[in-house]
Protein chains: 2
Amino acid sequence: MARPPANVAPGQIREQIIVAALHLFTQRGYFNTSVPDMARTAQVSVGSIYHHFKDKEDVARALYLSLMEGMQAELSLIAATHATARDRCRAVIAMLFQLTESSREAMDFMLYAKHKEFLPGERPVCSSLPFETMRDFVQQGMDQGEIRRMDVMVASACLFGGALRLITARLDGVLAEPLPDRLDAVWECAWRSIAA
Amino acid sequence: MARPPANVAPGQIREQIIVAALHLFTQRGYFNTSVPDMARTAQVSVGSIYHHFKDKEDVARALYLSLMEGMQAELSLIAATHATARDRCRAVIAMLFQLTESSREAMDFMLYAKHKEFLPGERPVCSSLPFETMRDFVQQGMDQGEIRRMDVMVASACLFGGALRLITARLDGVLAEPLPDRLDAVWECAWRSIAA
DNA sequence: CTATTATGAACGAACGATCATTCGAAACAA
DNA sequence: TTGTTTCGAATGATCGTTCGTTCATAATAG
């Protein structure tokens with residue numbers, strides 16, 4: 001059995017394709033991006049894309065799942081390094097803000113792409129594992145008495161809604177300043193809205 | 001110049017096409033909807049669509065602008081019938097919640113379609129007139145001392161972010177109960193977060 | 001070692017399907 | 001009649017996908 005050529009790292013082509021797809025999908029959208037576009041940007045051939053992925057949709061799915069996995073890893077890290085709901089939720093917002101600045105395209109695609117239009121099988125972002133984990137943080141904070149008793153969905157929406165809205169504004173170019181500059185102000189409002 | 005046929009009201013065909021487009025765009029998305037699809041759903045011919053609209057994009061634009069106009073009218077009404085920022089903003093959220101229940105597809109298309117992918121000319125929703133009006137409400141509330149002094153964008157995001165997040169959840173089917181049932185709870189959190 | 005064969009990654013022209021759009025004719029109103 | 005609206009088959013362009021081929025490398029034989 002022949003091994004892949006030694007002059008390129010294994011999985012590197014896949015990575016090139018996924019990175020190119022992320023760039024094009026966020027810039028022009030999934031449906032405005034052709035497979036030849038992806039091949040050109042990734043500097044590989046069309047055939048190579050179909051060698052590594054089942055079809056165009058499969059590229060988008062691999063990208064989406066990979067981003068979701070990364071996000072979930074960040075949340076697990078936060079859960080492991082912070083004890084209270086307050087600390088955890090603040091860390092979540094700080095992380096989201098930083099990620100938006102450092103990986104703007106990833107955040108854009110993960111949070112605001114209309115996945116159901118090109119990934120019919122996947123569940124809506126709202127009910128993805130990361131968002132469920134964030135609601136868990138809130139639920140536990142309510143159980144511990146840190147957060148007022150109320151519907152978990154309402155509490156989560158109010159706690160994270162402001163931050164997510166600001167991320168949208170930033171991604172749309174409506175907010176000029178880096179998000180971390182607004183962390184303290186947003187957090188004060190967010191926590192005040194649901195704190196016991 | 002011939003007047004339109006007497007057996008159909010003037011502008012009715014246009015309306016049929018726009019309604020069909022709204023239905024299909026929210027159900028499958030703009031790019032998964034073909035012009036023949038629109039013709040079939042609107043019960044008109046393909047040629048008729050091109051008689052009333054320049055092209056497919058023009059249908060989407062007419063739909064979008066019409067929805068935006070309706071939203072702005074609602075906001076103007078609120079501005080005229082409520083004096084304080086507190087009353088105005090609460091009325092805005094109540095209106096958004098009601099509209100989501102009564103015109104789910106309209107809200108979905110207006111707030112969460114990726115317009116820039118098929119309406120390259122239009123500005124992002126964030127910087128549309130309705131959203132600017134909502135920020136104006138907040139700014140005036142800050143000038144009047146009702147709302148704590150802070151960045152207007154941050155305050156607006158925190159005040160409306162929770163409600164908008166809940167609307168997303170509702171549209172995604174993650175929230176089972178009608179939004180108006182949650183109005184009091186959401187409003188208490190929202191106002192608490194920025195009230196002076 | 002060298003020569004030969006086997007493997008599968010990479011390629012891109014070509015294919016078939018689908019789409020937005022056009023246009024000439026028919027239908028209808030005035 | 002004349003001008004407008006409606007129709008849907010035809011057009012041309014574009015897209016996702018396929019597939020025969022090339023070629024570098026690994027495995028094997030001598």
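Every chain is numbered from 1 and lettered A, B, ... according to where its sequence line falls, protein lines coming before strand lines. Keep in mind that the numbers below use all heavy atoms, side chains included, and drop hydrogens, waters and symmetry copies. Treat the numbers as computed from the prediction; the structure is a model and nothing was measured.
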Verify the contact: side-chain N or O of [X] to OP1 or OP2 of [N], cut-off strictly under 4.0 Å; return yes or no.
X      : N       : value
S45(B) : dC7(D)  : yes
S48(A) : dA10(C) : yes
H51(B) : dC23(C) : no

Mind calculating the distance between [atom1] ([X]) and [atom2] ([N]) to the nearest angstrom?
X      : N       : atom1 : atom2 : result
H52(B) : dT22(C) : NE2   : P     : 16 Å
Q12(B) : dT5(D)  : CD    : P     : 15 Å
D55(A) : dT18(D) : CG    : C1'   : 13 Å
R14(A) : dG8(C)  : CZ    : C1'   : 16 Å
N32(A) : dC19(C) : CG    : C1'   : 14 Å
I49(B) : dC23(C) : CD1   : P     : 18 Å
Y50(B) : dT4(D)  : OH    : C1'   : 20 Å
M38(A) : dG16(D) : CE    : C1'   : 11 Å

Inset, instruction - Just say parallel, tilted or perpendicular for the rings of Y30(A) and F118(A), cut-offs at 30° and 60°. - result: parallel
Inset, instruction - Anything under 30° is parallel, anything over 60° is perpendicular, the rest tilted; go ahead and classify Y64(A) against H115(A). - result: tilted
Legend entry - Single-linkage hydrophobic cluster, 4.5 Å side-chain cutoff, L65(A) and F131(A) together: yes
Legend entry - Connected via hydrophobic side-chain network under 4.5 Å: V152(B) and L164(A): yes
Between [options], which one does the side chain of [X] approach most closely?
X      : options                  : answer
V44(A) : dT17(D), dT6(D), dC11(C) : dC11(C)
P36(B) : dG16(D), dT6(D), dA20(C) : dA20(C)
V46(A) : dC7(D), dT18(D), dT21(C) : dT18(D)

Legend entry - Closest-nucleotide ordering on DNA chain D, the 5'-leading residue of D37(A) and K54(A): D37(A)
Legend entry - Along DNA chain D (nearest heavy atom to each residue), the more 5'-positioned of F31(A) and G47(B): G47(B)
Legend entry - Pi-cation contact, Y50(A) with K56(A) (under 6.0 Å, within 45°): no
